[in-house]
Amino acid sequence: MVKGYGKKIVDKYILVYIYILSCIIPGVSDYGISIADGIKMSIVDILALLIIITFLLKKDSIKKIFLSFRHNKNSIKVLASIAIYVLFYGYISIFINDISAIRIVRNIFLVLFDYLVLNYMFCNEDENKIVKKLMLLGIVASVANIYQYKKRYDLSQSYDLFRSNETLLVSLFVFFIFYIMTNKFKLSKNIHVSIVTVLILIALITQQERTEIIAFAVTFILLFLYYIFFYKERLKIAYIIKSIIFIFIVLAIFVYFYNNNDFLNGLVNNYIKNRINIIYSNHSFNKDTSLSTRSSEFVIIGDLMSKNILSFFCGRGLLAQYCLNGVNTFTVDSFWLWIFLDMGVIGVLIFSIFFVYIIFNIFKIKSRYKMPVLGFCIATIVMTLFTPNFIWRLDDGLSFAILMAITFRFKTFKS
């Protein structure tokens with residue numbers, strides 16, 4: 001337990017914490033009870049229902065929720081927007097006899113629920129307490145991922161792909177890097193954040209996901225350009241020195257583990273050899289199976305949508321299928337391409353407006369948390385280009401809800 005939280009907060013939010021853990025710990029959401037043919041109520045759904053019942057039974061909780069909305073009018077707009085998406089998808093799913101339709105509607109609804117819960121938690125918290133909770137979240141998500149991957153490795157003795165919490169981890173990784181660079185605090189806290197960042201880095205390596213490298217690189221470049229040309233609060237020399245110290249601490253800790261742990265050493269070497277070097281050989285770029293599949297999705301769906309003007313603008317409906325490698329499927333390895341397939345250009349524009357609205361509010365943040373939150377947001381957006389995100393994944397839904405919650409909470413803090 002991080003100093004400063006206290007038993008009172010743990011007791012108050014214990015059910016919420018368990019719910020969040022069930023979303024980010026790999027495999028937990030697979031457990032549940034069967035309520036009908038092919039329909040299972042997972043432990044995540046049960047916990048969400050318990051939280052809703054608890055809120056309804058406690059007048060103080062309901063009052064606090066309404067107070068949080070009154071102090072943060074953006075919350076109402078966000079909730080209304082997500083509710084529209086839930087109702088829209090829910091209406092379409094009525095006419096589709098497929099359990100996957102219920103899963104998609106439920107996942108989008110849980111984004112709404114997650115934001116509601118996080119907004120409730122953060123409404124009376126200051127910056128430091130929110131960051132502490134993000135650190136705890138990063139530790140739990142990282143340790144859970146590393147543990148699960150190591151467990152799979154011990155069984156197979158091979159460095160197989162294992163993906164979970166990709167968006168959350170890379171977004172938190174970027175957040176903490178720019179948090180160090182733009183905030184003033186003691187060296188001891190610098191070390192604490194460094195340890196958390198190293199844990200997240202190791203967890204990211206277990207993912208062996210190239211998209212995360214792209215997300216980090218794009219975010220870092222864009223924020224660097226933003227700082228040079230638009231950031232009004234110039235960093236002092238002391239901040240720059242601390243940032244350099246932070247980078248060295250992170251690298252030193254990571255190199256130590258790399259040199260003294262055969263598992264991590266092999267994991268990194270496999271990542272470089274089979275996930276990075278494989279796409280560049282003989283002085284040219286090559287597509288592996290993953291890249292070939294993703295590029296095929298873009299070509300096939302683009303060709304499919306261009307044949308019908310109505311489908312192009314309005315989409316082909318929820319769970320619309322396309323043929324990939326001789327197999328009909330409705331899942332797409334891109335949030336935006338999936339929206340385009342189901343809802344057309346209109347759907348893409350609707351969701352784009354929502355993302356633009358979040359970015360617009362991030363630029364209204366007056367504290368030094370603007371760049372960390374902006375980094376979290378950019379990394380999230382880049383990840384949506386190559387992952388289904390919260391359409392299909394609970395952990396990505398929670399990550400997106402965290403983005404909204406910290407954006408509108410940090411916006412209320414003064415410089």
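These numbers come from a predicted model, not from an experiment. Just so you know, residue 1 is the first one in the sequence shown, and it goes up from there.
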State yes or no: are the ring centers of Phe363 and Tyr226 separated by less than 6.0 Å? yes
Residues two or more places apart in sequence or in another chain: which of them pass side chain to side chain contact (heavy atoms under 4.5 Å, CB included) with Asn107? Arg103, Leu394
Which donor-acceptor pairs under 3.5 Å do the side chains of residues 343-351 make with protein atoms, sequence neighbours left out?
none

Is the closest side-chain heavy-atom distance between Ile51 and Val16 below 4.5 Å? yes
Before you tell me yes or no, could you show the steps for Asp45 and Ser42 under side-chain hydrogen bond (donor to acceptor under 3.5 Å, both in side chains), namely the whole-Å CA-CA distance, both residues' side-chain angles and the distance that decides it to 0.1 Å? CA-CA 5 Å; Asp45 304 316; Ser42 76; 3.1 Å; yes
Holding to ring-ring contact (aromatic ring centres under 6.0 Å, His included), I want the full list of residues that pass it with Trp336, two or more places apart in sequence or in another chain. Phe355
One should read off an interatomic distance between Phe216 CZ and Leu201 CG, to the nearest 0.5 angstrom, of 9.0 Å
Taking the side chain as every heavy atom from C-beta outward, state whether Leu137 and Ile402 have any atom pair closer than 4.5 Å. yes
CD1-OG distance between Ile339 and Ser352, expressed to the nearest 0.5 angstrom: 9.5 Å
Decide yes or no for Met135 and Phe176: does some side-chain heavy atom of the first lie under 4.5 Å from some side-chain heavy atom of the second? yes
Measure the shortest side-chain to side-chain distance between Met383 and Phe400 over non-hydrogen atoms and say whether it is less than 4.5 angstrom. no
Do Ile359 and Ile381 touch side chain to side chain, with heavy atoms closer than 4.5 Å? yes
Gap separating the OG1 atom of Thr206 from the CG atom of Leu204, nearest 0.5 angstrom: 7.5 Å
Where do Asp114 and Met404 land on the side-chain contact (heavy atoms from CB on, under 4.5 Å) test, with the steps shown first? CA-CA 10 Å; Asp114 293 347; Met404 292 189 293; over 6 Å; no
Ile202 and Ser142: side-chain contact (heavy atoms from CB on, under 4.5 Å), yes or no, with the steps? CA-CA 8 Å; Ile202 295 174; Ser142 300; over 6 Å; no
On a heavy-atom basis, which atom in Asp395 and which in Cys23 lie closest, and how many Å separate them? CB-O, 3.7 Å
To the nearest 0.5 Å, what is the distance between CD1 on Ile200 and CG on Leu172? 5.0 Å
Kindly indicate, with the supporting measurements, whether the criterion side-chain contact (heavy atoms from CB on, under 4.5 Å) is fulfilled by Lys133 and Ile130. CA-CA 5 Å; Lys133 287 181 177 177; Ile130 293 174; 5.8 Å; no
Decide yes or no on ring pair (Phe, Tyr, Trp, His ring centres under 6.0 Å) for Phe330 and Tyr322, but give the supporting numbers first. CA-CA 6 Å; Phe330 62 87; Tyr322 64 101; 9.3 Å; no
Glu166 side-chain N/O to Gln207 backbone N/O, donor-acceptor pair under 3.5 Å: no
If only atom types and distance count, is the side chain of Ser22 paired as donor or acceptor with the main-chain N or O of Ser29 below 3.5 Å? no
What pair of heavy atoms forms the shortest contact from Ala379 to Thr219, and how long is it? N-OG1, 3.4 Å
May I ask you to check whether Phe386 and Phe335 place their ring centres under 6.0 Å from each other? no
If the condition is side chain to side chain contact (heavy atoms under 4.5 Å, CB included), which residues does Leu155 pass it with, not counting sequence neighbours? none
Main-chain N/O of Phe376 paired to Thr380 side chain as donor or acceptor, under 3.5 Å: yes
Under 3.5 Å, side chain of Arg409 to main-chain N/O of Glu125, donor-acceptor pair present? yes
To the nearest 0.5 Å, what is the distance between CG on Leu341 and CG on Leu304? 7.0 Å
Would you say that Leu134 contacts Ile406 through its side chain, given a criterion of any heavy-atom pair below 4.5 Å between the two side chains? yes
Met305 to Ser311 - nearest heavy-atom pair and separation: CE-O, 3.0 Å
Could I get the full list of ring-ring contact (aromatic ring centres under 6.0 Å, His included) partners for Phe175, not counting sequence neighbours? none
Is the backbone of Leu168 close enough, under 3.5 Å, to the side chain of Ser171 for a donor and an acceptor to pair up by distance? no
Over all heavy atoms of both residues, which pair between Leu49 and Met41 is shortest? Give the atoms and the distance, please. CD2-CE, 3.8 Å
Taking Asp303 for the side chain and Ile300 for the main chain, is one N or O donor matched with an acceptor at less than 3.5 Å? no
Are Ser334 and Phe298 side-chain neighbours, meaning at least one heavy-atom pair lies under 4.5 Å? yes
Leu199: which of Leu169, Val140, Ile146 passes side-chain contact (heavy atoms from CB on, under 4.5 Å): Ile146
Any pair counted as salt bridge (Lys or Arg N to Asp or Glu O under 4.0 Å), so long as it reaches residues 194-205, sequence neighbours left out: none
Heavy-atom closest pair (Ser296 atom, Leu324 atom, distance to 0.1 Å) is CB-CD1, 3.9 Å
With no hydrogens and no angle check, is any side-chain donor or acceptor of Asn145 less than 3.5 Å from a backbone partner on Ser164? yes
Nearest 0.5 Å, what's the CG-CG distance between Leu223 and Leu374? 5.0 Å
Between the side chain of Asn328 and the main-chain N/O of Gln321, is any donor-acceptor distance below 3.5 Å? no
Under a plain distance cut-off of 3.5 Å, with no hydrogens placed, do Thr407 and Asn361 share a side-chain donor-acceptor pair? no
Between Phe113 and Tyr19, is the ring centre distance below 6.0 Å? yes
Ile46 vs Ile33, test: side-chain contact (heavy atoms from CB on, under 4.5 Å). Steps then yes/no. CA-CA 9 Å; Ile46 295 171; Ile33 55 175; 4.3 Å; yes
Validation row: Phe408, Asn119 side chains within 4.5 angstrom (heavy atoms): no
Check Thr211 against Val382 and note the closest heavy-atom contact, atom names and distance. CG2-O, 4.5 Å
